[in-house]
Structure formats: structure tokens, C-alpha cells
Amino acid sequence: MTAATSTPGRPALQRWGVPALAIACAAGALAAVDLTGAPAVAPTSYAAASTPLLVLALTAGLGLILAGAVLWLVRPGLPAVLAVGAGCAWSADDWVGRASAPDLVRSLAMMASPFLLALLVHLVLRWPGGRTGGPWARTAIGLAYAIATLVAVGQALLRDPLFDRYCWRTCGGNVFLARADVEAAQALHALRLWSWVLLAVPVVAGCLWSLRRVSRPARATRAGVVISGAMAIAAEASYAGLLLLVPQEVPTRGLFAAVFALRAAALTLLAAGLAWAALRTVRTRWSVRRLAQQLLEAPAPGTLRDVLSRSVGDDRIEVAYWLDGPQRYVDAEGHPTDPRPGAHQSVTALVRHGGQLAVVVHDRSLAQTHDLQRELGAAARLAVDNERLRAEGLFRLTDLRASQARVVARADATRRHLERDLHDGAQQRLLAVSSELRLALLDARRTGSPDLAALLEQAGGQAADALTELRELAHGIFPAILTDAGLGPALSTLAVGAPLPVDVLSVTAGRCGPAAESAAYLVVVDGIADAVRRSATYVSVHVELEASDLVVQLEDDGGDRDAGRLVHLEDRVAALGGRLSTQGPVLRAEIPCG
Amino acid sequence: MRVVVADDAVLIREGITSLLRSSGADVVAQVGDADQLLHEVRRHVPDVAVVDIKMPPTHTDEGLVAAQRIREELPEVGVLVLSQYLEPAYAMRLVSDHPEKVGYLLKERIFSGEVLLDALRRVDEGETVVDPTIVSMLFGRRRRLDPLAVLSGRERETLVLLAEGLSNKAIAARLVVAERTVEAHVTQVFAKLRLPESPDAHRRVLAVLTFLRG
């Protein structure tokens, strides 16, 4: 469906030109009839025949003209002009029959009235605008206009109403008459009538057929005008058909009056259809504008509760969002919550398609004076949906973080236990073995068994070596001094034993949670290993407490960092809610102290 | 020599005690935690207390804390702290508070050779004992500019023994030179490394260790 858009700042003439014209035509249509309402004995127009017909005629004519004007204001385009034109062509018949009008006017009106069907056909086939209808529509419209022009001009030049046996509106007054040719005039008249009948059938059929093939929304916008337009065309065709059967037109006779009434009614319906289309356009535009406004004004995420509270004037209002997956309520920040009404409060559920979206806990009086479900409106529901999705996202993120942190903590705890088991278990036993070997050695020496003594000394040496290896192993699994004395001593030992020069330039004396300290220690360990891998010659380390974060910064002079190599560090730091970043030669880890 | 042994692991405690006794030392008490240690030391006033660094209740540095208490209260009692951890920080903490008559040894070494008895003797005589493993770890540290490059071979050897807490006399005995020579070396080393020369032999251990740790 194409809709002509009104561009802002269009020249005033363009915008108001057609309505001004329409008003002139309307004035003309009113002027054409005798509003005193006195039915004439031999009326020269349907409007003069009786009051009801007068009313019908005026309704149809003025209706079309005004509908066209309104349509132009809302949706400027050809259909609006055609509607005004059709209204004028309809009312032209009254001017033809107005005896007191100047002949020129009546002659012009005589030329105008054949165009009525062409205008209707054009309007209906080209509704709602643009290239609808296809090539056959173009043919039909072209044909209609061609015939109308031929009839209008031909009759203007060749028809002398005086010689028309069936003249009733006017029997004279054709100022354009060039040469009176009765046969030609009659032929043209017949052409007009036959063309109206024959053209109407395919046009009406085509209109109705085209309606079936379009989508539902398109059908809704087109049906009103197309169906009423088809009816108007059919009514005109029936009028033409009637004239073919009964050439003498007598407006007071029931049959003619009925057909006229039918035509007027159909045209009025068409006018109503056009006005309705205009109204729909306005309404759609307005609701879209309103939606856009509301979307623009959608409250910032997390603030829906405050916005609601302000607008309903209840500062104890609470909003809780329902999450289907975890089957629980959360607040705007994703924290699990239990929405229970307090004193003087009640709960309203916001549902959509039978599923619960959120609940609002509010003052009881609110429920008595408002229908919160309805009043929150579609736009607020959109905001609610947004908030809910955001809350769900935050909830899942927190959940995930917590689970990751648990995994990391378990891994750390396992290592600590392993180190302690080694210290308290294997190392102690080996020390005991060492001590026993020593005692045995001293004994062997005293009792003068040099071979045994030598063996025992050797065994003692092996035990000592094993102890050294165990010590280094345990330190590699977890440096106990990290838990006991913190990052300072732990990093100092690490620096002393490192395979390349490492300077710990600053270490905060403050303690943090074990997970944070382990992560920080690991960052330094892996950072040093990475520096070695990249052939650095020096590493400097800073560990500071910034706000509530433990910040570890390593700088080395090795080659460019490969981000992929430190992914496990990123994971560990992120699991604790921290951040690992590289800025040139500096590796920076921010870890919540916790 | 009268000794009090403190270690919460029975096997180790027994092992140390047996070893000391078989060498002629008199183990007057064996305890399993710091409170008992202080109690027994006050009661017996031994020559040296041999103390494990990790003891109940926190199993972190009770031994170090107890050592400091003993040194403050009873200066005549030496303390030899035993640790399973090669942590220069602990050694330096011990040495910085009360450098004389203290020692820091790695447990894994005490059952080799005469290490334990030597250390006990040195502590009793008023020296500072720093486990050579710690000293060599500090010496082995990678540095950008080696500040020790200015030292001659002899001076370097002297520095190592200084760090281990040996007195000039002990260094002279170890290097088989005259004590006066050692004194000259020591002066040179301190001058070259720009260390504050301290008449107090014990303070110099801390100075050297601090320098080495960087």
C-alpha cells in the first residue's frame, strides 16, 4: 500500500489549493439547487423533483466533494482530486437543469456530466494510489476517459437539445453548438449509455476479484472504497441501462426516482468510504507517532519502578519480574526477590497471552481507582518486557559468575589441601625417615660399621634430596606463605627465584580474600612465564589496592603479547568479576578484593 | 647444652630429641605448641629453644612470634627456628627483630651431617644463623645489573658467609685465612656495595640479606 506522505513545509497553495477548489465546487453544488424546497410541477432536475431526492442529491454531491477535500488534507494525491471531480460531475446535472443559470454555465455542465463514470472508474481502479490495477486498469480508464471526452465534445458541438425528443433537463442553451446533427447526437448518447453499461461490468468484476488476491491488511484498507466504488459504478450502469430501456426520463416516476436514489446512496457510501480511509490514515499516523513518542520516552533500564512510582504517586510500589526458566521473581537488577504485599498493599499481576510477565506490589487504594492492567498500556508493557529481559540477563550473569567463582574457589581449595597434605603427610614422614637414618648412621659409626655407615649416609642423602623435591613440588602446587602472610612475601620469593630479573616495585600490605590473592599471584606467575616465552629481559610488578579492587600490573620488555595465551587468566579473573587487559607492554588485572 | 624442643609433629619432635641426646645435648622439655613452649622456656631457661615455625592454633608463624617473645623476655635463651618453607621473608623477619642468638634452618637439612648441632652451637655462642639454602637462593637471583660484579672472588665468598651469619672468626676458619684478612674483605665488600657499615656484627646480616633480596 502506498501512502502519499505529506512533506512538511509544502507551499500553502499546494496544500490548500484543492480544498479551496472543493469549497468552491460545494458552493456551486448548493447554488445549483433550489433550496427553498418547493417541488416543481415539471422538474428539470432530480433535486427539484422532491425533497428527499434533493437531500439525496446534495448528500451525494457535497459528500464526495468534502470527502475529497479531507482526503487531500490527509493524503494529497490523485484520488482526492478525482473524488472532488466526481462530486462536481454529479452536481453538474443540477446545473444543466437550472433554468435561471446562464447558458454558458449550463453548456459547461453538459460537458462535465459524461465524465462521472470515467472519474469513478479511475478513482476505484487506482485506489489507494499509484500503480495498482495493472495494465487492464489502464486500458479501462483510458477507454472511459476517451469515450467521455468524445461524448462531451461531440455532443457540445453537434447536439441541439431542442431537437432531442427526450430532452427534459434543458431543451436549449448549448452555446458550443457548431452544427446540429441529430443522428450524431443520438449516436453519441447511445455510445455513452452503452459504454457505461459495458465498461461497468468488467470494472466491477475486476475490482471485486482484485480484492480477493490481496493480503488481509491490504484488503482492510482498500475494501471500503473499492466495494462502495464498485457499487457506485454498478448504480451508474443501472441508470444507463434504464435509460436504454426507457429513454424518456421522468424524475417523478418511481422507477427513475428509485434508481436516482440508488445512485445517490452509492455515491454517498463512496464518500463515506473515502472519509473513513482518511480517518484511518490519521489514526494510524497518530498511533505510530504516539508509539514512537513512548518508545523514545521509554524509561532507562532499571528505572521503570521509579517512573511508575512517580506517575501513580506511590513510593512503596515494587515491581518484580517473573522468570520462566529459573521459576522465580527477580528485581530490576536481577536479584532474586519475593514480592509480598505489605500493610495496605495489594498485588497486580501483569499478564500477556495468559503468561505472567511481572507483578506490581502497590498501595491498595490504587487498585480501587485504577485498572492497572489496562492503564499501563501497550507501551508500558513494552518497557516492562525490556526490563524483564534485562533483569533476566543480569540474573543469569550473576548466576554464571557465582558458579564460575565457585569452580575457581574449589580448585584453589583443592590445591591448598594438597599442599597441606604434602606438608603434614609425606614431608613429615620423610623427615622422620631422615631422622631415623641419621640416628642409625651415628649408631653405625659408634659400633664401627663403616660400610653400613656409608650406606646409611647415602640413604640419608637420598632422603634429603627427596625432601627438597617435595618442598619444591609443594611450593609449585600452592605457596603456603600466600595464605599465611599475603602477597608481599609470596611475590618476593617468586621474584627471587624467577628465571629472569623480576622487580616487585610495590605490593599492598592489605589482605584480600583468598580467591583474589590466589588469582593475583597466578597473574604474576603466568605473566613472568609469558615474559620468558617472549624473550623479555626484565619484568616489573606493581600490586596496589585501588578502590575495592586488587590491581596487578606487570610490565616487561618482551615481544608483543599474544592475547590467546592468557585466556585462562582472563577466565579466572573474570570468574571473580574482575578484568584482565593489555595496554601495550603492561598487563593489568583488576580483581575485586572480596 | 640444655635444649627445649617444640614441634607439633610427634615424629619430628622425637627425631630431633633423639638426635640431640645422642650428641650429648640435654633436652629438658618437648612441647607441641607455642603456649607450652613459652611456659617450659620460662621454667627451664634453656640455652637454646628449637622451634618449628608452624604450630597450633593457626599453623602459620607461631614459631616466629614465640621466638620474638623469648628473645625479648629472656635474652639469654637462643632460638633456632625450623621451617619446611624456603621463604626469605620469614628468615628476614626473624633476623630483623632480634638478630643475635637466632637462627633459621630448613628442616630438610637438619638430619644431614652436623648441621643441627653446628647451628645450635653457633646460636648458643650468640651468632645469627641463616640457612645456606636461603642465602644461595638470594645469591642466585637474576638481576639486570649484577651489583656483585664489582666484588672479587674472595670478597664474594666472604659475602656469602656474611649472609649466612658467620662471625669474622668463623669466616676466617672457613676460608682458612687470618681474621684480619676477613675484616679487610668485609670492609671492602661493604664499601663496594655501599652498605651501611655497622659495628654490630649482627646488624650486618640483615643489611646483607636486605641488599640481596633487592
Would you say [atom1] of [X] has more than 12 non-hydrogen atoms from neighbouring residues, nucleotides or ligands within 6.0 angstrom?
X      : atom1 : value
A/R416 : CZ    : yes
A/L505 : CG    : yes
B/R121 : CZ    : yes
B/R174 : CZ    : no
B/R69  : CZ    : no
A/R429 : CZ    : no

Considering only heavy atoms and a distance below 4.5 Å, find which of [options] pairs most often with chain B.
options                        : value
A/P479, A/P499, A/A490, A/A485 : A/P499
A/E419, A/E436, A/R420         : A/E419
A/P489, A/A495, A/G497         : A/A495
A/D503, A/I481, A/L439         : A/I481

Would you mind telling me which of [options] has the largest number of heavy-atom pairs within less than 4.5 Å of chain A?
options                      : value
B/L212, B/I12, B/L106        : B/I12
B/L19, B/L138, B/I16         : B/L19
B/E108, B/K107, B/E14, B/H59 : B/E108

Side-chain touch B/L11/A/Q428, heavy atoms, less than 4.5 angstrom: no
From CG (A/L467) to CD1 (B/I110), nearest 0.5 Å: 10.0 Å
Chain A contact via B/R143 - which portion, at a heavy-atom distance below 4.5 Å: backbone
Considering all heavy atoms, the nearest A/R446-B/S22 contact: NH1-O, 3.8 Å
Over all atoms of both residues, closest heavy-atom pair of A/A480 and B/K54: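 Shortest heavy-atom separation between A/A480 and B/K54 comes out as CB-NZ, 4.3 Å.
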Heavy-atom contact with chain B under 4.5 Å, split by part of A/H475: side chain
Portion of A/A466 that has a non-hydrogen atom of chain B nearer than 4.5 angstrom: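 Neither part.
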Residues from residues 80-95 of chain B approaching chain A under 4.5 Å (heavy atoms): B/Q84, B/Y85, B/L86, B/E87, B/P88, B/A89, B/Y90
Side-chain donor/acceptor of B/R141 to backbone N/O of A/V502, under 3.5 Å: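 Pair found, side chain donor or acceptor close to backbone of A/V502.
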